[in-house]
Amino acid sequence: MARKILEVNQMTAGFLVNTDIVKATDRISFDLEKGQTLCIVGESGSGKSVTSLAVMRLIDYAGGMILEGDIKFNGEVLSTKSQEEMRKIRGNRIAMIFQDPMSSLNPVFMVGEQIAESLRLHQNKSDKEAMKAAVDLLRQVGIPSPEVRARQYPHELSGGMCQRVVIAIALACQPELLIADEPTTALDVTVQAQILDLLQQLKKNNDMSIIMITHDMGVAAEMADRIVVMYAGGIMEEGSVHEIFAKPSHPYTVGLLKSIPGFEDSHGEELYTIKGNIPRINELPTGCRFHPRCTHAMDICRKQEPGFFQLGQDHKAACWLYEEHGGDSIVSPAGAAIAHGEVRV
Amino acid sequence: MSRQLSNETLIEVKNIKKYFPIKKGLLSRVVGQVKAVDDISLAIKKGETFGLVGESGCGKSTLGRVILRLQSASDGEVIYAGKNIHTLGSSELRGLRQDLQIIFQDPFGSLNPRFLISDIIGEPLKVHTNMKPREIEARVVELMELVGLDANRRNRYPHEFSGGQRQRIGIARAIALNPKFIVADEAVSALDVSVQSQVLNLLARLQRELGLTFLFIAHGLNVVRHISDRVGVMYLGKMAEVGPTEEVYNKPLHPYTAALLSSIPRPNPALKRGRIILKGDVPSPANPPSGCRFHPRCPMAKDRCKAEEPLIREVLPGRQVACHFPLVEEGAFEKMAAMSMG
């Protein structure tokens with residue numbers, strides 16, 4: 001068994017809104033092994049970004065808090081550390097990339113300076129050494145003529161280049177864990193392909209583990225070793241990437257996969273839809289949070305929240321369907337076809 | 001394909017150009033031009049969905065707006081119902097506006113937050129028709145039901161609706177006057193997958209029921225594949241390739257189309273197949289490369305591509321491409337993929 005770099009255990013994170021506590025994630029648990037990539041997939045409001053903020057303990061600054069459960073990084077409990085202690089870990093041993101590269105860079109500093117900052121802070125490098133290392137990092141992330149680019153400001157770079165700079169900042173201290181929150185969502189597909197490729201390479205070369213947050217099942221399929229599917233603050237299904245795509249089992253996962261347009265045979269046909277809308281986090285239904293939109297909903301789904309049912313060695317789903325099925329999957333024909341490569345996407 | 005397409009052309013775009021001047025200095029001297037749309041011609045048939053794809057900054061939205069004369073063209077013609085939209089007087093244009101509508105990308109920014117839903121959907125009726133308030137209200141109810149909204153909620157404000165519902169409001173407003181032609185500019189890009197599929201189905205149903213023609217602009221390549229009958233691929237203000245959707249997606253002829261399509265992440269972990277990863281970024285449209293605009297990033301570029309600009313021409317029936325060396329032969333795509341790897 002490989003070493004676990006991150007363990008999230010029954011973690012509930014939330015925000016205080018007026019006098020109510022709104023839970024953005026509800027008792028979620030997952031592990032990440034060293035050297036692996038875990039993708040957290042879900043639609044807006046599923047709690048995937050809050051999860052990453054909680055791991056970084058940045059949620060404290062966003063007006064939220066960890067209400068329950070714990071987060072362990074290399075066996076160290078992060079959820080009770082002081083912000084001062086966290087500051088030594090953040091940007092050093094755990095780094096983060098955000099969605100919008102333009103707004104995560106400071107417009108009034110040169111990009112080289114912004115990379116050098118974390119090197120000076122965490123590794124006590126001199127200005128000169130740090131700047132030299134920054135240029136090396138820019139070269140590593142594939143920016144042409146890095147000496148020139150290091151002295152430019154963010155507005156002088158394209159979106160793809162800015163994202164490379166952000167990645168260089170994240171990599172500066174050779175973190176053990178990289179959290180990437182929708183790192184390619186703001187980019188065009190050809191640039192997205194470049195960035196995903198770069199992340200894969202860097203992961204291999206630097207022996208990093210990655211948590212990647214995405215709403216795009218395609219990106220998850222390419223990047224992930226493991227997948228966690230979240231919906232409205234809860235984990236619906238978890239498993240290895242092959243299990244999830246070969247045997248999508250939670251009705252939400254199946255629906256998500258089937259609603260993706262663009263299959264060869266989908267043209268001119270009605271697309272599969274999940275009826276209704278994503279519920280607001282403070283208006284969650286009783287029982288299973290997905291039941292009002294679920295085509296398989298049963299009585300018990302309305303009353304009681306399902307726990308996880310094990311579906312395979314490395315695959316589990318939170319759905320009552322599997323209580324009696326004893327682990328049989330309700331794999332949809334479309335889901336299976338996607339998985340077996342019969343449908344080209 | 002389920003629908004029969006007519007051969008009648010609804011809208012014809014002839015050599016349309018849109019240049020934006022770059023001004024500098026105290027006297028705002030014009031020092032250059034951004035050629036956002038540079039000499040594009042296309043004909044959209046009645047009842048079809050024409051998909052327009054390309055990366056940000058390629059000019060696809062500008063083209064959509066120029067076709068509707070929401071922006072003036074620098075040169076060229078847009079022929080609708082036998083008339084050039086760009087030379088019409090304002091009263092004639094106003095008449096035509098009923099036929100030509102647009103759905104915007106941002107379901108938050110495109111609805112006035114201070115208007116009730118009934119006012120938003122009813123406004124085009126107020127402007128363009130002599131309907132009485134009661135008739136307008138009845139039509140608003142009808143429209144809301146048509147797009148799948150609860151008509152009892154018509155006296156609410158936009159912020160009380162979710163993103164998908166707001167997009168339905170925008171659609172109801174666009175179809176209020178029974179238009180013939182709708183430009184859908186990134187109409188589903190801001191929506192989550194499960195909601196996006198609902199709106200795509202709605203657009204397809206409205207097209208069948210109301211006989212609409214769509215220009216569907218999107219950067220989401222999967223979405224365009226699903227909804228379009230024909231597709232046009234733009235790069236830096238030029239049309240790179242035009243053809244029937246399935247043919248283009250199965251056998252792209254332009255190297256740019258090939259690269260673009262190969263970079264779509266596929267929801268299938270078993271299919272980690274070779275992507276064509278383009279080098280560098282899209283150049284600035286203010287200073288496009290000589291010859292073929294794609295040549296600096298093209299793995300297949302030869303000397304001729306640097307010197308001579310390829311004109312768009314029909315190389316296979318119904319398939320137009322602007323490339324000196326289109327990927328016509330069997331195995332040309334694989335060869336290109338291999339070249340970009342090495």
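Chain naming here is simple, since letters A, B, ... match the order of the sequence lines and numbering starts at 1 in each.
No side-chain N or O of A:Arg280 forms a donor-acceptor pair with one of B:Ser162 less than 3.5 Å apart.
Of all residues spanning residues 184-197 of chain A, those with a heavy atom less than 4.5 Å away from chain B's heavy atoms are A:Asp188, A:Val189, A:Thr190, A:Val191, A:Gln192, A:Ala193, A:Gln194, A:Leu196, A:Asp197, arranged by number.
In A:Lys275, the NZ atom is crowded: over 12 heavy atoms of neighbouring residues, nucleotides or ligands sit closer than 6.0 Å. Applying the 6.0 Å contact sphere to CD of A:Gln313 captures no more than 12 heavy atoms from other residues, nucleotides or ligands. With a 6.0 Å radius and a threshold of 12 heavy atoms from other residues, nucleotides or ligands, B:Glu330 has its CD atom at or below the threshold.
Using a 4.5 Å cut-off between heavy atoms, B:Leu200 touches chain A through its side chain atoms alone. Contacts of A:Ile244 with chain B are absent, with no heavy-atom separation under 4.5 Å from either backbone or side chain. The part of A:Tyr272 that comes within reach of chain B is its backbone (N, CA, C, O), which places non-hydrogen atoms under 4.5 angstrom from that chain.
Each of A:Ser158, A:Ser44, A:Ala220, A:Gly160 has some count of heavy-atom pairs under 4.5 Å with chain B, and the biggest count is that of A:Ser44. When the candidates B:Asn201, B:Val193, B:Leu260 are compared by the number of heavy-atom contacts under 4.5 Å with chain A, B:Asn201 comes out ahead.
The nearest pair of heavy atoms linking A:Ile274 to B:Ser194 is CD1-CB, 3.7 Å. When every heavy atom of B:Gln198 is checked against every heavy atom of A:Arg293, the shortest pair comes out as NE2-NH2, 4.4 Å. Scanning both residues, A:Asn277 and B:Gln165, for their nearest heavy atoms gives ND2-NE2, 3.7 Å.
The distance from atom CE of A:Met217 to atom CG of B:Asn268, rounded to the nearest 0.5 Å, is 12.0 Å. Atoms CD1 and CG, on A:Ile260 and B:Asn222 in that order, are 7.5 Å from each other to the nearest 0.5 Å. Taken from CD1 in B:Ile264 to CG in A:Asp216, the straight-line distance is 10.5 Å, to the nearest 0.5 Å.
Here the side chains of B:Pro265 and A:Met223 are not in contact, with every heavy-atom distance at 4.5 Å or above.
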